[in-house]
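Below: one structure, written as structure tokens.
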Amino acid sequence: MKVIDKRSLAEILEDYISELTLEELESLIEIPPPEFNYTYAFPCFKLSKFQKKAPNLIAQELKDKIKIPEFIESLTVDGPYLNFIINSKTILQNIFELKNDYGRSREISGNPNKLRIVIEYPSPNTNKPLHFGHVRNMVLGKSLSNLLEYKKHDVFQVNLNNNRGIHICKSMLAYKKWGHNKKPDKKSDHFVGDYYVLYGEKAKDNDDLDKEAHELLKLWEKGDQDTRDLWNKMNKWAIEGFKITYNKFGIKFHEEYFESELYLKGKKKIFEGLKKGLFEETEDGAIIARLKGKYNLEDKILIRSDGTSIYITQDIYLAYKKKEDFNYDRSIYIVGDPQIQHFKWLFAILDMLGFKEDNYHLSYGMISLPSGKMKSREGIVVDADDVIEEVENLAHKEVNKRYPELDNEEKKKRAEIIGLAAVIFYLLKYNPVKGFVFKPDESISFEGETGPYIQYCYARIVSIISKSEKKITKDINWDLLSHEKEKFLIKQLVYFPEIIDASEKTYNIHLIPQYLLNLCQAFNSFYTFCQVISDNKDLEKARLLLIHCVQIVIKTGLNILGIETLDKM
RNA sequence: GGACCUAUAGCCUAGCCUGGAUAGGGCGUCGGACUUCUAAUCCGAAAGUCGCAGGUUCGAAUCCUGCUAGGUCCGCCA
């Protein structure tokens, strides 16, 4: 097995180019535009600076000098570019042998840079059900966890339940007043959320309600038994409901943290910092971090003048707690972009405290509605469970259209897998920094650049393989894979490991869906032009190996995204 | 007032970190392809001042500066 990627090419070039390091060479190697047949290209412009020669000339000279190893089929010069074609045999044999490991060709016997990584998400409030923004958060967190695990890091997924505060008391108050001690007659987090919305409605023409909610918060803080009982009951409902939704996405946590257990902690760290002179006390007794100079941030209050802690105090505590619990090398927070400033503050303050850990805020853009922002207090939200259900129903109709004779259980199973794929893929295919408008009727589709498109591709492959009588082997006549569509498809397969690599290094999950689209477009195009099952047995064997390799890569890619494949759809 | 993010065909979007070959896709529109391995597919066409203006460079969607528009944040809220 010879690992094929940019680095393997850079290693060849290294022997002939003294002016650039291996890393520089690797970063210069590029993937040519699709209309070229070449797998990789090396532009010689940079070298012409050093050598004071025309890049075209340098390219030609390099070509003449380089002894090409077996895994390179051809090396040609096109103007200032040195163009490589990797031979199909090496690629397909690699995939065939490595199977699911192909995407981590360099880490098969372990990742030498293995890290312990804590990922915190989706950290919901326990007074209302999860909305579509949480789904974006969940699929980002889950897929990133999958990706880092795939790359053989130790990943610890943790969740911070924001289970206390005035917003929690609002739904409690509404339930207390108008709930008649009812038990949930629907998914229990939705049941809780209804009282949050009810509170919002009632508060519109009743100013006293806010006062009552604050009184309830005070009772809660005092530990009033009735209030605590109610709080426990409603939190349990909310969290039980969330769990059902987490399960949908295969999300399980190594640890669940609760704001109610953390919010008073962290003061100790602040006072230690104060003693060391890291923080200051204001005239009225609050503690403040001065961040204007070194950190170029606004100053931040850490402890109120009445001595109570604020939100950031618990996050300071939690950072230490997570370090203690998991001894992590890196800690990732998956939180929406409105909190960018919060995390800048948090990381700066931790830095002041001497907590020099590798913290990273993976932020993502908010999802809004055509009518504007989501407002959960007014019930103007895209509910997570509702969207999933709707998409599954849509998928059910599609399955039913194609296979009316199927028993309903199988239809339902397929619809679930397809619907979920549509949702996950839709949320992961875009660059996470971008916010977007969710249009319930048109956003989620099964055609074009979608999860089902990728799944369909997979199902087509399974169908061909099961129809063919031939055994798939890696001993084929390699000259037969010479069709333009075959070559283009094989070329896409080469790029998978480096896509995984780039995604792991930058946390740009969307690279994977984008890659899978390219791969599947190449496959579908191949499919229409090249018949696999054929009277030409050698050709059939060759093409079977090719599509089997495509199958492996699709499955590996989809599984990282948290999407299941179907053999039939 | 300050900070950060975004701007690419009618709509959505990739490419920007690390400048390099004719700016890729998808939706929609128009025209084609199911007696042949699944048409949730494919083939073709029309559609772009890459927000604007400068600058750097042999070369800019990509880097720098300024501007415009939209969004977010700047609380002893969470």
Side-chain angles (χ1 to χ4, degrees), chain A residues 24 26-28 30 32-36 38 41 43-46 48-49 54-55 78-81 83 125 162 164-168 259 263 282 284-288 296-298 300-312 314-315 336-342 344-345 363 365-366 368 373 395 398-399 401-402 418 422 429-431 433-437 439 442-443 445-457 459-468 506 508 510-511 513-514 517-518 520-521 523-534 540 543 547 568-569:
Chain A
E24 287 168 329
E26 189 181 343
S27 76
L28 279 176
E30 55 190 62
E35 60 270 23
F36 293 96
Y38 318 118
C44 298
F45 304 100
K46 281 260 152 42
S48 82
K49 282 222 168 73
D78 189 346
Y81 289 90
N83 292 311
N125 294 337
N162 294 293
R164 63 156 288 281
I166 189 66
H167 52 295
I168 306 291
E259 189 188 358
Y263 83 112
T282 63
D284 51 5
I287 298 174
I288 190 167
N296 196 26
L297 292 170
E298 293 295 310
K300 180 68 185 162
I301 294 282
L302 302 174
I303 305 274
R304 292 190 189 94
S305 46
D306 66 2
T308 57
S309 42
I310 60 170
Y311 185 70
I312 200 160
Q314 76 157 357
D315 260 341
D337 61 18
Q339 297 209 46
I340 288 174
Q341 174 77 355
H342 169 78
K344 281 186 181 166
W345 272 327
S363 75
M366 294 287 99
S368 56
K373 281 190 195 175
E398 294 293 322
V399 172
K401 211 157 70 186
R402 291 170 177 79
I418 294 165
K429 74 175 169 179
Y430 301 125
N431 191 326
V433 305
K434 299 204 178 186
F436 59 88
V437 179
K439 296 169 190 156
E442 38 185 290
S443 282
S445 153
F446 300 144
E447 284 169 23
E449 299 178 322
T450 65
Y453 175 89
I454 312 290
Q455 289 175 315
Y456 181 67
C457 201
R460 278 181 145 181
I461 294 170
V462 172
S463 172
I464 297 169
I465 290 174
S466 66
K467 278 204 173 119
S468 168
T506 61
N508 280 324
H510 72 288
L511 298 177
Q514 295 291 341
L517 287 170
N518 287 337
C520 289
Q521 276 161 1
F523 172 79
N524 277 326
S525 188
F526 156 86
Y527 181 92
T528 30
F529 286 90
C530 304
Q531 174 83 16
V532 174
I533 294 171
S534 153
E540 181 172 334
R543 288 182 169 166
I547 65 170
K568 283 185 180 153
M569 69 178 279

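Below, chain A is the first sequence line, B the second, and so on; all start at residue 1.
Spacing between atom CZ of A:F45 and atom P of B:A21 amounts to 8 Å, rounded to whole angstrom units.
Between B:C42 and B:A3, the distance separating the two P atoms is 47 Å to the nearest Å. B:G71 and B:A33: their P atoms are spaced 47 Å apart (whole Å).
For A:H342, the side-chain contact (heavy atoms from CB on, under 4.5 Å) criterion is met by A:Y311, A:I312, A:D315, A:Q339, not counting sequence neighbours. Not counting sequence neighbours, the partners of A:Y263 by the ring pair (Phe, Tyr, Trp, His ring centres under 6.0 Å) test are A:W220. By the salt bridge (charged side-chain N to carboxylate O under 4.0 Å, His left out) test, A:K401 pairs with A:E398, sequence neighbours left out. For A:T308, the side-chain contact (heavy atoms from CB on, under 4.5 Å) criterion is met by A:R304, A:D306, not counting sequence neighbours. For A:Q531, the side-chain contact (heavy atoms from CB on, under 4.5 Å) test picks out A:I533, with sequence neighbours left out. Not a single salt bridge (charged side-chain N to carboxylate O under 4.0 Å, His left out) links A:R460 to another residue, sequence neighbours left out. Every residue two or more places apart in sequence or in another chain that forms a side-chain contact (heavy atoms from CB on, under 4.5 Å) with A:K439 is listed here: A:P370, A:V437, A:E442, A:S443. By the side-chain hydrogen bond (donor to acceptor under 3.5 Å, both in side chains) test, A:S368 is found to be paired with no residue, residues two or more places apart in sequence or in another chain being considered. Partners of A:T506 by side-chain hydrogen bond (donor to acceptor under 3.5 Å, both in side chains), not counting sequence neighbours, listed by chain and number: A:N508.
Atom CZ of A:F526 is separated from atom SG of A:C457 by 10.5 Å, given to the nearest 0.5 angstrom.
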What are the atom names and distances for every N/O pair under 3.5 Å that joins the protein to nucleotides 64-66 of chain B?
none

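Nucleic acid contact class of A:N508 (heavy atoms, under 4.0 Å, all strands): none. When heavy atoms are screened at a 4.0 angstrom cut-off, A:N518 is found touching no nucleic acid atom at all. If you check every strand for non-hydrogen atoms under 4.0 Å, A:K429 touches nothing.
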Original post:
Once each nucleotide of nucleotides 39-47 of chain B is scored for protein heavy atoms under 4.0 Å, what B/S/- sequence comes out, 5' to 3'?
Top reply: SBSSS----
**OP:** Spell out protein contact along nucleotides 71-78 of chain B as letters: B when the base is contacted, S when just the sugar-phosphate is, - when no protein heavy atom is under 4.0 Å; keep the 5' to 3' order.
**Re:** -SSS-BSB
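Pair check for B:C4 finds B:G71; Watson-Crick or G-U wobble, both atom distances under 3.5 Å.
Between A:N524 and A:Y456, the side chains place no donor N or O within less than 3.5 Å of an acceptor N or O (distance only, hydrogens not considered).
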